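Because the structure is predicted, anything quoted here is derived from the model rather than measured. Side-chain atoms are counted along with the backbone in the values below, which use heavy atoms only and exclude waters and symmetry mates.
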Amino acid sequence: MPKDKNTILLKRLKANDQQALKTIFDEHYPAVYKAIYRLITDQGISQELAQNVFIQFWEKRHKIQITGILGGYLRRMGINQALEHLRRKKYEIQEISEAHSGLTTSAEDIYMDGELQTQINKAVDTLPDRCKTIFVLSRFEQLSHKEIGKKLEISPKTVENQISIALKSLKKLLKNYLQSFLFFF
């Protein structure tokens with residue numbers, strides 16, 4: 001019989017015991033959240049990322065091999081989630097910067113970047129569900145067409161077509177906003 005509580009919980013988790021996950025969540029969520037919050041400093045995003053850690057932990061429960069401390073493993077997962085979020089944000093900001101590369105960075109620019117991101121998010125939300133899912137997987141999670149096709153059980157060509165539809169729709173929806181933004185500066 002395993003000696004420590006975490007080993008028992010992990011065995012229960014691998015046996016699909018959801019109560020084990022709840023116990024792990026209740027015990028480790030605060031530390032995971034704090035580890036993420038130190039990097040992100042946004043309460044809502046930090047909470048979402050911390051929850052994602054436990055969702056991934058559950059999804060990967062049969063493959064997980066923890067040789068160290070469970071809490072440390074979960075905090076590392078949280079830090080990885082935060083770093084991935086920051087990488088995605090950096091990528092988004094680079095795309096925005098490339099769109100209006102001649103501008104200097106001022107407080108107004110930063111505000112307008114935030115406004116543009118808000119408009120982009122609103123525009124993405126208007127896409128049909130399947131198209132939106134494919135677009136998000138491609139642009140925000142940076143999956144290849146092949147990976148998306150495999151994940152959604154569709155052909156890479158369908159993925160390509162849906163992304164094309166999404167980009168045309170977003171370009172049309174954001175056209176006036178982008179023109180106003182560029183004209184203002």
Side-chain angles (χ1 to χ4, degrees), residues 6 9-10 13-14 18 21-22 24-99 101 105 109-127 129-154 156 159-160 162-163 166-167 170 174:
N6 287 334
L9 283 172
L10 289 172
L13 189 74
K14 288 182 180 187
Q18 293 179 356
L21 178 65
K22 183 180 182 332
I24 292 168
F25 179 88
D26 291 343
E27 186 174 322
H28 296 284
Y29 177 85
V32 171
Y33 168 79
K34 286 178 188 174
I36 293 169
Y37 186 77
R38 277 188 292 241
L39 296 170
I40 302 296
T41 66
D42 179 293
Q43 186 177 19
I45 293 172
S46 296
Q47 289 171 345
E48 183 180 333
L49 293 175
Q51 290 172 0
N52 286 345
V53 165
F54 291 94
I55 290 168
Q56 283 184 354
F57 191 65
W58 174 257
E59 290 172 347
K60 296 177 180 181
R61 67 191 175 278
H62 298 293
K63 299 175 190 171
I64 293 174
Q65 297 295 325
I66 300 175
T67 56
I69 299 168
L70 177 59
Y73 182 88
L74 292 168
R75 283 190 304 278
R76 173 49 55 192
M77 282 182 71
I79 289 168
N80 290 342
Q81 282 274 337
L83 293 173
E84 179 59 30
H85 173 79
L86 292 172
R87 276 191 289 275
R88 281 192 311 268
K89 280 297 198 193
K90 180 181 176 186
Y91 177 76
E92 290 170 15
I93 290 170
Q94 283 175 339
E95 284 185 338
I96 291 168
S97 294
E98 289 170 7
S101 60
T105 302
D109 293 337
I110 293 168
Y111 171 76
M112 292 305 287
D113 282 350
E115 284 296 305
L116 180 58
Q117 187 60 49
T118 300
Q119 294 302 317
I120 291 170
N121 291 341
K122 286 180 183 177
V124 168
D125 286 340
T126 66
L127 295 172
D129 289 338
R130 185 72 156 183
C131 189
K132 177 181 173 182
T133 300
I134 291 169
F135 183 81
V136 168
L137 289 172
S138 172
R139 294 304 195 259
F140 300 129
E141 295 187 24
Q142 300 175 347
L143 296 180
S144 70
H145 292 185
K146 186 176 180 180
E147 291 170 323
I148 296 168
K150 186 175 181 181
K151 185 172 188 166
L152 300 178
E153 298 177 351
I154 57 177
V159 172
E160 186 179 328
Q162 288 295 305
I163 291 172
L167 289 172
L170 293 175
L174 295 170

Report the residues that fulfil ring pair (Phe, Tyr, Trp, His ring centres under 6.0 Å) with Tyr29, sequence neighbours left out, ordered by chain and then residue number. Phe25
Applying side chain to side chain contact (heavy atoms under 4.5 Å, CB included), name anything that partners Lys122, two or more places apart in sequence or on another chain. Thr118, Gln119
Non-neighbouring partners of Thr126 that pass side chain to side chain donor-acceptor pair (under 3.5 Å), sequence neighbours left out: none
Determine the minimum heavy-atom distance between Phe57 and Leu74, stating which atoms define it. CD1-CD2, 3.7 Å
Run the side chain to side chain contact (heavy atoms under 4.5 Å, CB included) test against Gln142 and tell me which residues pass, sequence neighbours left out. Tyr91
Drop me the distance from Leu21's CG to Leu10's CG, to the nearest 0.5 angstrom. 11.0 Å
From Leu167 atom CG to Leu127 atom CG, the distance as rounded to the nearest 0.5 Å: 9.0 Å
To the closest 0.5 Å, what do you measure between CG (Asp42) and OH (Tyr37)? 7.5 Å
Does any part of the side chain of Gln43, heavy atoms only, come nearer than 4.5 Å to the side chain of Tyr33, both counted from C-beta? yes
Arg130: partners by salt bridge (Lys or Arg N to Asp or Glu O under 4.0 Å), with sequence neighbours left out: none
Nearest-0.5 Å distance that lies between atom OG in Ser144 and atom NZ in Lys151: 11.5 Å
How close do Ala82 and Ile40 get, heavy atom to heavy atom, and via which atoms? O-CD1, 3.7 Å
With sequence neighbours left out, which residue pairs that include part of residues 51-62 fulfil the side chain to side chain donor-acceptor pair (under 3.5 Å) condition? Asn16-Arg61, Asn16-His62, Gln56-Gln81
Of all residues at least two apart in sequence or in a different chain, which pass the side chain to side chain donor-acceptor pair (under 3.5 Å) check with Asp125? Lys132
Thr133: side chain to side chain contact (heavy atoms under 4.5 Å, CB included) partners, not counting sequence neighbours: Leu137, Leu152
Rounded to the nearest 0.5 Å, what separation is found between the CD1 atom of Ile45 and the CG atom of Leu86? 9.0 Å
Sequence-distant partners of Lys22, salt bridge (Lys or Arg N to Asp or Glu O under 4.0 Å), two or more places apart: Asp26
Using side chain to side chain contact (heavy atoms under 4.5 Å, CB included) as the criterion, list what pairs up with Glu160, not counting sequence neighbours. His145, Lys157
Interatomic distance, NE2@His85 vs CG@Asn80, rounded to 0.5 Å, equals 14.5 Å
Could you go through the side chain to side chain contact (heavy atoms under 4.5 Å, CB included) check for Ile66 and Asn6 one step at a time? CA-CA 10 Å; Ile66 300 175; Asn6 287 334; over 6 Å; no
Scanning both residues in full, the closest heavy-atom pair of Val53 with Gly78 reads CG2-CA, 3.5 Å
Applying salt bridge (Lys or Arg N to Asp or Glu O under 4.0 Å), name anything that partners Glu48, two or more places apart in sequence or on another chain. none
Smallest heavy-atom separation, Val159 atom then Gly149 atom, equals CG2-N, 3.7 Å
Among all residues two or more places apart in sequence or in another chain, which pass the salt bridge (Lys or Arg N to Asp or Glu O under 4.0 Å) test with Lys146? none
Begin with the C-alpha distance, continue with both residues' side-chain angles, and end with the deciding distance and a verdict on salt bridge (Lys or Arg N to Asp or Glu O under 4.0 Å) for Glu147 and Lys150. CA-CA 5 Å; Glu147 291 170 323; Lys150 186 175 181 181; over 6 Å; no
